[in-house]
J.: 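Have a look at the structure that comes next, please.
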Amino acid sequence: MGAFGLLMLSAFTSVLAGGPLSTKRELVNAAYQAVVGECLNWEKADLSDAQKVDCSAAHKFEVTGTADISAAYPKEAPFPNAEAWEKIAQDNCAQASTTYMGGKLDPKGKYGVSTLNPDEGRWSSGYRQLRCGLQVTAPSGAALPSFGSAKTQDQSAVYDPGVCVALAENNTVGDPIDCAKPHAFEIVGVVQHPEGPFVALEAQDSAMSEKCAAIAAEYTGGADLKAKNLLVTWDTRAEESWAVGSRKANCKIGAVPQGNNLVAWEGSVRNPNGAPLTTANPPQTTSVRPQDEPTGAPLHSESGKPPSESGKPSDSGKPDKPSSSPPPSSTENR
C-alpha cells in the first residue's frame, strides 16, 4: 500500500495564546504564589479557580522556577507583545525547566516548557514575576491533564489506547477528539521498548511492525482493515528522547493516505466485545478547547510537514504523528 509518515520538527516556538486577560485575574492568588515543585490546576480561562493541588492529582502546570525580569523590563516598559513574551520565556524558563528535571527533559516528549505571565494590569503596577513550568499539551497548545510530578514520570509522548486525534490544517495531526467525528488516527496500543542503548530507527520500525500488527488485531477483534481502507502505523523514539529515558511508543490506525495527504475517517475500529482498555490515567478522549489561558504554548511545540516521499520513519516525538510504514507482514495493509 506504500509507506507514509509525517515528519515533526521540534523547535522553540512559543506564542502566547488568547491575548491579555481581564482584571479578574487580580483575584487569582494561587497561581502567583506557587513555588518550585508545586502543581496548579484550573478550569476557567481566567484562572479565577486556580488551586494548588497535589502533583499526583490531575493538574495543568508544574512550577519549575520563578524569574524576576524587572532589570530588563523596568516599570515604564510597555507590555510585551507575543514575540517579546516568547523571548522572555525562552531566556528565563527553558534552562530552569531543564535544570528542574536534572538535565533530562525530553525535547520531543509530552512535557512542554511554559510560563505563567502577569497580565496588563499587574504589569502596569510594576509586577515582573514569572512562574516557569511544565505542561502536557495538545498540538493546539491546550493543556491536557497531567498526573504525577514530571520528575518521576516517563516523558514519552503517548496517548492511551482508545484516544482518537483530529486531522488539523496543513496536513497535520491535531488534538484528541471524539472518535465519532472525523479524525486522523485511533490509538490502539502502547509499546514499551527495553532499557539499554539506543535502538536504531530501522530496528524500532521492525519491532513496531510486528508488535503493532498483533496489538491492532486484538484491539479490532481481527477486523479486515483493508476492506475499510485503513492500515496500521506507529511512532518511533528519537535518540535524544531515548537518552533521557523515553521508551514508549504508540501503535495506531489511520486511513490509507492519498498521495502525501492524510485522510480523515469516522468511527472507531475497537472490538465492542473486547477486554476493557488499560489506561495509565483517565484517558484523554474528549475534545479540548484551544488554549486561552495565560501560559502560552510550550516552547517545544510541534510543527507539521507532509509525509516524506521516502516513507522512512521520522523522529516523531508526538503520539499523534505517524512515523513509519505499515507492517509489511500484515495482510490487512496490502
Side-chain angles (χ1 to χ4, degrees), residues 5-8 10 56 58 62 101-102 104-112 134-139 144-165 173 175-176 184-219 232-254 270 275-285 298 300-302 313-327:
L6 186 64
L7 178 64
M8 301 308 300
S10 179
S56 63
E62 181 171 353
M101 295 291 285
K104 294 185 176 182
L105 178 60
D106 186 345
K108 297 185 177 183
K110 66 182 179 181
Y111 293 104
L134 292 171
Q135 289 185 299
V136 176
T137 54
L144 296 176
S146 182
F147 298 84
S149 171
K151 286 185 173 182
T152 62
Q153 301 302 301
D154 185 294
Q155 298 180 54
S156 304
V158 293
Y159 287 121
D160 284 330
V163 173
C164 289
V165 288
V173 180
D175 292 0
F185 296 102
E186 180 173 357
I187 307 301
V188 298
V190 178
V191 171
Q192 173 77 55
H193 289 294
E195 297 299 320
F198 176 66
V199 176
L201 295 181
E202 293 79 5
Q204 288 186 48
D205 200 48
S206 178
M208 293 295 287
S209 171
E210 179 179 352
K211 292 178 180 179
C212 288
I215 288 172
E218 181 178 358
Y219 183 92
V232 180
T233 186
W234 54 84
D235 294 327
T236 55
R237 290 281 74 89
E239 188 167 7
E240 54 265 48
S241 297
W242 198 281
V244 298
S246 296
R247 296 288 191 278
K248 295 179 180 179
N250 273 137
C251 301
K252 52 203 177 186
I253 290 175
R270 184 188 170 206
L277 296 177
T278 300
T279 56
N281 292 298
Q284 298 154 350
T285 56
H300 62 58
S301 58
E302 306 285 352
S314 75
D315 292 346
S316 169
K318 284 290 181 184
D320 48 351
K321 315 298 189 292
S323 59
S324 56
S325 59

J.: Within the structure provided, determine whether L134 and L105 are in side-chain contact (heavy-atom separation under 4.5 Å).
T.: yes
J.: Tell me the closest heavy-atom pair linking M208 and C251, and the distance in Å.
T.: CE-SG, 4.1 Å
J.: Of all the heavy-atom pairs spanning A216 and V232, show the shortest one and how long it is.
T.: CB-CG2, 3.7 Å
J.: Between Y111 and E62, is any side-chain donor less than 3.5 angstrom from a side-chain acceptor?
T.: no
J.: Under 3.5 Å, side chain of Q204 to main-chain N/O of R237, donor-acceptor pair present?
T.: yes
J.: Can you tell me how the ring of H193 sits relative to the ring of W242, calling it parallel under 30°, perpendicular over 60° and tilted otherwise?
T.: tilted
J.: Could I get the full list of side-chain contact (heavy atoms from CB on, under 4.5 Å) partners for A58, not counting sequence neighbours?
T.: P145, F147
J.: Report the residues that fulfil side-chain contact (heavy atoms from CB on, under 4.5 Å) with K151, sequence neighbours left out, ordered by chain and then residue number.
T.: Y100, M101, S149
J.: Looking only at heavy atoms, what is the nearest atom pair of I215 and G189, with distance?
T.: CG2-CA, 3.9 Å
J.: More than 12 non-hydrogen atoms from neighbouring residues, nucleotides or ligands closer than 6.0 Å to CD on Q192, yes or no?
T.: yes
J.: Specify the closest pair of heavy atoms between G245 and D154, including all atoms of both residues, with the distance to one decimal.
T.: O-OD2, 3.8 Å
J.: Answer whether the closest heavy-atom distance between the side chains of W234 and V191 falls below 4.5 Å.
T.: no
J.: Could you pull out all residues at least two apart from Q155 that satisfy side-chain hydrogen bond (donor to acceptor under 3.5 Å, both in side chains)?
T.: none
J.: Is there side-chain contact between Q135 and S146, with at least one heavy-atom pair below 4.5 Å?
T.: no
J.: Which heavy atom of G148 sits nearest to which heavy atom of Q153, and what is that distance?
T.: CA-NE2, 3.7 Å
J.: Can you tell if the side chain of K248 reaches within under 4.5 Å of the side chain of D235, non-hydrogen atoms only?
T.: no
J.: Is N250 reaching over with its side chain to a backbone N or O of Y159, donor-acceptor style, under 3.5 angstrom?
T.: yes
J.: I need the S246 OG to K104 NZ distance, nearest 0.5 Å.
T.: 11.0 Å
J.: Could I get the full list of side-chain hydrogen bond (donor to acceptor under 3.5 Å, both in side chains) partners for S56, not counting sequence neighbours?
T.: D54
J.: On a heavy-atom basis, which atom in P176 and which in V163 lie closest, and how many Å separate them?
T.: CB-CG1, 4.1 Å
J.: Test of understanding: with salt bridge (charged side-chain N to carboxylate O under 4.0 Å, His left out), list the residues that count as partners of R247, not counting sequence neighbours.
T.: E195
